Amino acid sequence: MVLQMPVIHTGAPAACYLPQADQAIVIRLLGSVNICRAGRSVELRRKGRALLSYLAVTGRPHRRTSLAALFCPEANDPSAALRLLLTRIRTQLSPDAIQSTDQSVDLNHAVVWVDVAVFQRLLAKNGSEQASLDHLAAATDLYHGQLCDGCSLANAPEFDLWLAGERAHLQQQYEQALLTLLHAAEAGKQIDGAIQYARQLVQTNPLLELAHERLIQLYLRSGQRDAALAQYEQCCTILRCELGIDPGPEIQRVFELLVNGKRLPHPTAGLVMDDDLGASGFVGRNIELHHLLQLWGKARSGTGATVLIEAPAGGGKSRLLTELCRVSQAPSIGGACSELAQALPYAPWVELLEAYLSDLSDATIAGLAPVWHDYLLRLLPSLAARLGQRTPPAPPTAGGELNRLFTAVAELLFPTTNRAPLLIWLEDLHWADESSLRLFHALARRAQRYPLLLIGVLRPAEAWHMPLLQAMIDELHAHGLVRITLPPLPADAIAALSAPLWPRLPPAERDQLQAQILAATGSNPLLVVELLRELAAHAVPPHTLPLPSSVRDLVVRRMGRLAANARPVIEALAVLDNPSAIVQLSQISACTIDETAHALDTGVRLGLLHERNTTDQTRYDIAHGLLRAAILDDLSAVRRQLLHRRTATVLAAPERDRGHERSGLIG
């Protein structure tokens, strides 16, 4: 059983999730299956428990033929075997527990309380920040282990396949809730509570490196160095035994800080600092929003389009997408590509389409042409249970079969009749696997024929090394591809953000502060918001702008992605604090000219550096002030002294010794 000690919520909404008086039957499936009637445990046979669990989790009616094929495939008369199963359940549980007709079977949700249903309702609830945390904490209280722990059916492989998928999905939701609560506890300086949530994450998913990293950091911040070392050793042991790998660079970096006794960065407010502007309002993107709303209007009329929204990390891409969905009220489905899931074909599409299927009736699915069923089943194994069929082989990878798979997906999303408009979005295309890119491309080529607005979101700096993605973009221009590149925030948008985020700042000082914030952040929306949140604790602007801990951690993550021989060049540029040419940086960083050139190219692509062309040579500079401050803050004292000494030596050299900087090497 997973240990549960919620610390964020003080008055969890008990009425929302406890069984009500008229719900005499309680079914707990998160962990071992536990079924109670009027407070007394009810023991069902293995297959009866499995059938009841399936009805409870899916939460909708099922055709008798589908259930018979799923649970009684080995019976001489599957329909009769199913009737016997249902009779046993009614006899042992209650005659009212199951509602059925000649065609369908469903659980009577009016008299049955199911922990999985309440768990998902709590996760979906909206409200104030504190209310949302309360709901998340209440949801995690309900999770006592994987779905139907210990439950399996030897003669029902399709059920076991469905159960494995549901277990993974619910555990992922549970882990995400714990991460949110963990970050909230860190932000509220509830270190003990944050440690407890991190422990729960490690216990639930021992292979989640992020959880180990967070727990090690939290132990260090609370002075528990022995516990931090023990946790590091545990992480190494688990990863080596289970996966045959060593911990990643993030944990190795924390371990080095641990061994060297160096101060740790403060925790971030979120798992990945990216595009979310939170509750601070929507500013600076009205032109782009208007353009997207126009495209959606055309899609509703039957003429679809494909859009790429491009911006660097923190550039406001997800915030724009969220506002589009809110303002348009468009029926939408979406998914996100993951850097860690690039080896899994179609991973974001499976997530997206499974969510779409859950809202479709069995009649709608059955209405698809049978020829498309075979292909959809290969991509979506959970569909097999609803169609009463066995799961077919893996999806095709090439040729005409692949094209028919893509056509089947299009037919699922846009049937011949009742073509309702749909907004489909896929985030982080720069991390998409090859199969997912090909499916995106196939739908994009068809988009203009459907009431479809297909949106891809990506970071250009991280997409340059993906030839297939670049080829797809080039080819789609002939099919009406719309590209929206988000510029830096304008000055008036910064002023608009400062009002809700820093209400104590006198209006007369807002204009004066704009220039400082622009220089410090490079007008990156994420950095602007994080800096304003940090400044909000002050009554008047401080003489020196602070470095938000979230920005520090973001920079550390970006720097960690650089090659070992590239970091010294970026660090040298931060210490120099002046636009510099390649030869000078090579001397200060002690890297070769080729290594320095590669580091500068990488830094420009990742948005760490600006390239400035002058009359005699090209010079480079750190992109903005907060970035420079974060790089310097991460340097050890010894490393900083060394770079300062080299910088002084290079700058003090006679002019004749530095004249080669204007040579053809640096054109």
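Since we're looking at a predicted model, the values are computed, not measured. Any value given below was found using the heavy atoms of this structure, including those in side chains, with hydrogens, waters and symmetry copies removed. One is the number of the first residue; the rest follow in order along the sequence.
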Engineer: Please output the side-chain donor-acceptor pairs of residues 479-488 that fall under 3.5 Å, not counting sequence neighbours, one pair per line with the distance.
Structural biologist:
unit_1	atom_1	unit_2	atom_2	d
His479	NE2	Arg445	NH1	3.2
His479	NE2	Glu475	OE2	3.3
Arg483	NE	Glu310	OE2	2.8
Arg483	NH2	Glu310	OE1	3.0
Arg483	NH2	Glu310	OE2	3.2

Engineer: CG/Leu609 to CD1/Ile570 distance, rounded to the nearest 0.5 angstrom?
Structural biologist: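 If we round to the nearest 0.5 Å, Leu609:CG and Ile570:CD1 are 4.0 Å apart.
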Engineer: Could you tell me which non-hydrogen atom of Ala139 sits nearest to which non-hydrogen atom of Phe119, and how far apart they are?
Structural biologist: O-CD1, 3.2 Å
Engineer: So, for Leu422 and Pro331, which heavy atoms are closest and what is the spacing to 0.1 Å?
Structural biologist: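 Shortest heavy-atom separation between Leu422 and Pro331 comes out as CD1-O, 3.4 Å.
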Engineer: Calculate, to the nearest 0.5 Å, the distance between atoms OG1 and OH belonging to Thr407 and Tyr375 respectively.
Structural biologist: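 It is 9.5 Å, given to the nearest 0.5 Å.
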Engineer: How far apart are the C-alpha atoms of Asp433 and Cys337, what are their side-chain angles, what is the distance that settles it, and do they pass the side chain to side chain contact (heavy atoms under 4.5 Å, CB included) test?
Structural biologist: CA-CA 8 Å; Asp433 63 275; Cys337 307; over 6 Å; no
Engineer: Please determine whether side chain to side chain contact (heavy atoms under 4.5 Å, CB included) holds for the pair Ile622 and Leu608, giving the CA-CA distance in whole Å, both sets of side-chain angles, and the decisive distance to 0.1 Å.
Structural biologist: CA-CA 6 Å; Ile622 300 296; Leu608 298 171; over 6 Å; no
Engineer: For Met472, is there any backbone N or O sitting under 3.5 Å from a side-chain donor or acceptor partner on His441?
Structural biologist: no
Engineer: Any side-chain heavy atom of Val457 sitting closer than 4.5 Å to one from Trp425?
Structural biologist: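 In short, these two side chains do not touch, never coming nearer than 4.5 Å.
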Engineer: Considering residues at least two apart in sequence or located in another chain, which fulfil the ring pair (Phe, Tyr, Trp, His ring centres under 6.0 Å) criterion with Tyr450?
Structural biologist: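 Result, ring pair (Phe, Tyr, Trp, His ring centres under 6.0 Å) vs Tyr450: Phe414.
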Engineer: Side-chain contact test, heavy atoms from C-beta onward, threshold under 4.5 Å: evaluate it for Trp349 versus Leu380 and give yes or no.
Structural biologist: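 No, too far: nothing below the 4.5 Å cut-off.
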Engineer: Considering only heavy atoms from C-beta outward, does the side chain of Val202 approach that of Arg214 to under 4.5 Å?
Structural biologist: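 Not in contact.
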Engineer: Does a side-chain heavy-atom distance below 4.5 Å link Gln470 with Met466?
Structural biologist: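 Answer no - side chains too far apart.
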Engineer: Taking side chain as C-beta onward, heavy atoms only, is Tyr346 less than 4.5 Å from Leu405?
Structural biologist: yes
Engineer: Could you tell me how the ring of Trp162 sits relative to the ring of Tyr54: parallel (under 30°), tilted (30 to 60°) or perpendicular (over 60°)?
Structural biologist: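 Because their plane-to-plane angle is over 60°, the rings of Trp162 and Tyr54 count as perpendicular.
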Engineer: If I compare all heavy atoms of Leu218 with all of Ala198, which pair ends up nearest, and what's the gap?
Structural biologist: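 The pair with the smallest heavy-atom distance is CD1-CB, 4.1 Å.
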Engineer: If you define the side chain from C-beta out and look only at heavy atoms, does anything of Thr140 sit under 4.5 Å from Tyr174?
Structural biologist: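 Counting from C-beta outward, Thr140 and Tyr174 do come under 4.5 Å.
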Engineer: Over all heavy atoms of both residues, which pair between Leu402 and Arg438 is shortest? Give the atoms and the distance, please.
Structural biologist: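 Minimum heavy-atom separation between Leu402 and Arg438: CD2-CD, 4.5 Å.
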Engineer: Looking at NE2 of His291 and CG of Leu289, how far apart are the two atoms once the value is rounded to the nearest 0.5 Å?
Structural biologist: 11.5 Å
Engineer: Strictly distance-based, threshold 3.5 Å: is any side-chain N or O of His477 a donor or acceptor partner for the main-chain N or O of Ile473?
Structural biologist: yes
Engineer: Verify the neighbour count for atom CZ of Arg167: are there more than 12 heavy atoms of other residues, nucleotides or ligands below 6.0 Å?
Structural biologist: yes
Engineer: Taking atom CG of Leu136 and atom OH of Tyr197, what is their separation to the nearest 0.5 Å?
Structural biologist: 9.0 Å
Engineer: Less than 4.5 Å apart, side chain to side chain, heavy atoms only: is that true for Leu357 and Leu412?
Structural biologist: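 SC-SC contact between Leu357 and Leu412 confirmed.
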Engineer: If you look at every heavy atom in Leu153 and Ala50, which pair is closest and at what distance?
Structural biologist: CD1-CB, 3.5 Å
Engineer: State, to 0.1 Å, how close His135 and Leu122 come at their nearest heavy-atom pair, and which atoms those are.
Structural biologist: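 Closest heavy-atom pair between His135 and Leu122: CB-O, 3.5 Å.
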Engineer: Does one side chain, of Glu427 or Ser318, offer a donor that lies under 3.5 Å from an acceptor on the other?
Structural biologist: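 Short answer, yes.
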Engineer: Using atom types as modelled and distance alone, determine if a side-chain donor or acceptor of Arg446 lies under 3.5 Å from a backbone N or O of Ala442.
Structural biologist: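 Such a contact is found between Arg446 side chain and Ala442 backbone.
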Engineer: Say you draw a straight line from CG of Leu426 to CD1 of Ile333; how long is it, rounded to the nearest 0.5 Å?
Structural biologist: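 So the gap between those two atoms works out to 10.0 Å.
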Engineer: To the nearest 0.5 angstrom, please state how far the OG atom of Ser332 sits from the CD1 atom of Ile424.
Structural biologist: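 Rounded to the nearest 0.5 Å, the OG-CD1 separation comes out at 10.0 Å.
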Engineer: Pair Leu452, Leu413 - check side chain to side chain contact (heavy atoms under 4.5 Å, CB included), show working.
Structural biologist: CA-CA 9 Å; Leu452 165 67; Leu413 296 172; over 6 Å; no
Engineer: Can you list the steps and then say if Gln231 with Gln234 is a side-chain hydrogen bond (donor to acceptor under 3.5 Å, both in side chains)?
Structural biologist: CA-CA 5 Å; Gln231 191 62 42; Gln234 181 189 16; 3.0 Å; yes
Engineer: Taking the side chain as C-beta and beyond, is there a heavy-atom pair between Asn524 and Leu626 under 4.5 Å?
Structural biologist: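 Result no, sub-4.5 Å side-chain heavy-atom pair not found.
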Engineer: Would you say the side-chain atoms of Lys317 pair up with the backbone N or O of Ala311, donor to acceptor, closer than 3.5 Å?
Structural biologist: yes
Engineer: Are the side chain of His212 and the backbone of Pro206 linked by a donor-acceptor contact shorter than 3.5 Å?
Structural biologist: yes
Engineer: Applying side chain to side chain contact (heavy atoms under 4.5 Å, CB included) between Ile455 and each of Leu308, Thr306, Leu324, report the one that passes.
Structural biologist: Leu324
